[in-house]
Structure formats: C-alpha cells, structure tokens
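Here is the structure we will look at.
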Amino acid sequence: MTTGVGTRSWKIKITQYDEMSHTAPPSFCLQHEKSVMGTLNSFNYNFPSKPQYLNNLNYAICIEKMPGFCSITFTNGGFNGTYKPFQIVNANESGDLVIPSGQAGIGVRDCPFDYILINGNRLCGDRLNDGILNGFSIVDAPVTDFSNGPFILNVRTNELDVGGGFFLYYRQNPCMPMLTPT
C-alpha cells in the first residue's frame with residue numbers, strides 16, 4: 001500500500017463471466033486479451049508523474065491465440081515508432097542492483113525476485129531482451145513466444161524493489177505454411 005501525500009486515481013474495468021461461458025478467460029488470468037495486436041502494461045505504468053509497478057504481485061496476463069497465428073512477438077518499441085521504457089528492478093541484500101543500469105537481465109540469476117516471464121524466460125532490468133535475437137544486453141530486442149497458447153506473460157514482484165514497469169506492444173505472427181520437398 002502506498003502512503004504519503006498526493007492524489008490517487010484508478011481506472012478499473014470489471015467484467016463478470018459465467019465460468020461455463022466460451023468467452024470466459026482461463027481462471028488464472030488476471031488480464032485477458034483477445035486480439036491479434038495490442039498493448040499490455042504493468043499496473044501504474046501510465047501514472048503521469050512517476051510510473052512505478054506495484055509490490056507483491058503474482059499474476060498472469062493471457063492473450064488468446066487467434067486462428068491462423070502460431071507465435072507472438074513483444075516489443076517496447078511501438079509499431080508507429082514510439083518507445084516505452086522498460087524497467088524491472090532487482091537488488092541484492094546490500095541494496096545493489098543485480099543487473100547494471102541500462103542492461104537486460106535474463107534468467108533466475110539475473111532476475112531472482114521481480115520479473116516478467118515470457119516463453120519460459122525471466123526478464124528484468126532496464127532493457128527488454130531475451131538474448132535470442134540480439135545477444136547485446138544493452139539494447140532492447142523483440143521477444144517471441146512460440147508456445148501453444150494461450151500466450152501467457154507472468155508478472156512477479158517482491159515486497160522490496162520497484163521500478164518503472166513495462167508497456168509492451170504485442171503482435172501475433174501468422175503460421176508459416178509447411179514447404180514440402182519436390
């Protein structure tokens with residue numbers, strides 16, 4: 001809970017589903033998206049003066065895999081040329097950053113407490129990069145999930161560290177036809 005002087009504001013959308021409905025999201029999804037492309041963000045990312053994600057979170061954002069699409073790509077650089085900073089912080093017992101400022105963290109060693117999980121990889125730090133397309137941890141790079149679906153982005157934070165959070169653009173990628181040898 002945040003304390004102190006200041007104005008608080010919330011945007012809350014509540015949708016109730018019958019658990020037997022075909023439109024209901026999986027029960028473990030706190031957020032559920034049903035489109036080929038769109039955006040996702042951590043809570044409080046759009047806070048005007050200082051974005052800061054919340055502590056003690058453990059939830060999933062699910063994106064329904066659309067027919068004809070086989071993977072999904074996440075980026076913090078928008079399709080229209082916009083850029084959204086990525087920052088998920090981890091500090092050791094001494095309070096020092098686990099990942100140096102300006103770099104991406106990948107895996108359990110780099111991201112022990114606060115992270116997003118995409119395609120089985122823990123991601124944190126100041127860059128969105130899973131090291132697959134670009135091995136330089138000082139740059140942002142698209143992250144692609146090839147799982148069977150729904151596509152799931154897990155969010156975990158502890159009680160200590162906070163950072164700016166994330167605002168991600170996503171785009172589902174069409175399945176590629178199988179080429180048969182001639």
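- Smallest separation of non-hydrogen atoms from Val89 and Gln87: CG2-CG, 3.9 Å.
- Contact detail for Ile61 and Leu40: the closest heavy-atom pair is CG2-CD2, 3.6 Å.
- Using a 4.5 Å heavy-atom threshold, the side chains of Leu57 and Asn55 count as separate.
- Taking both residues in full, the closest heavy atoms of Cys111 and Asn90 are given as CA-ND2, 3.8 Å, listed atom of the first, atom of the second, then distance.
- When all heavy atoms are compared, the tightest approach of Leu123 to Asn129 is CD2-O, 3.8 Å.
- Scanning both residues, Asn158 and Phe113, for their nearest heavy atoms gives ND2-CB, 3.2 Å.
- Nearest heavy-atom pair, Phe86 versus Ile88, reported as atom, atom and distance to 0.1 Å: CZ-CD1, 3.7 Å.
- A salt bridge (charged side-chain N to carboxylate O under 4.0 Å, His left out) check over residues 120-142, counting only residues at least two apart or in different chains, returns the pairs Arg127-Asp140.
- Taking the six-membered ring where the residue is Trp, the centroids of Phe43 and Tyr59 are separated by under 6.0 Å.
- The hydrophobic cluster of Ile132 has no other members, since no ILVMFWY side-chain heavy atom comes under 4.5 Å of it.
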What donor-acceptor contacts under 3.5 angstrom involve side-chain atoms of residues 164-177, with partners at least two apart or in another chain?
from   : atom 1 : to    : atom 2 : distance (Å)
Tyr169 : OH     : Thr82 : OG1    : 2.6
Tyr170 : OH     : Ser35 : OG     : 2.7
Gln172 : OE1    : Met66 : N      : 3.0
Gln172 : NE2    : Ser35 : O      : 3.1
Gln172 : NE2    : Glu64 : O      : 2.9
Asn173 : ND2    : Ser71 : OG     : 3.0
Asn173 : ND2    : Thr73 : OG1    : 2.9

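- Judged by distance alone, the side chain of Thr157 and the main-chain N or O of Asn56 form a donor-acceptor pair under 3.5 Å.
- For the 3.5 Å distance criterion, the side chains of Tyr115 and Asp110 fail to qualify, holding no donor opposite an acceptor.
- In this structure, the side chain of Lys65 engages the main chain of Asn148 through a donor-acceptor pair within 3.5 Å.
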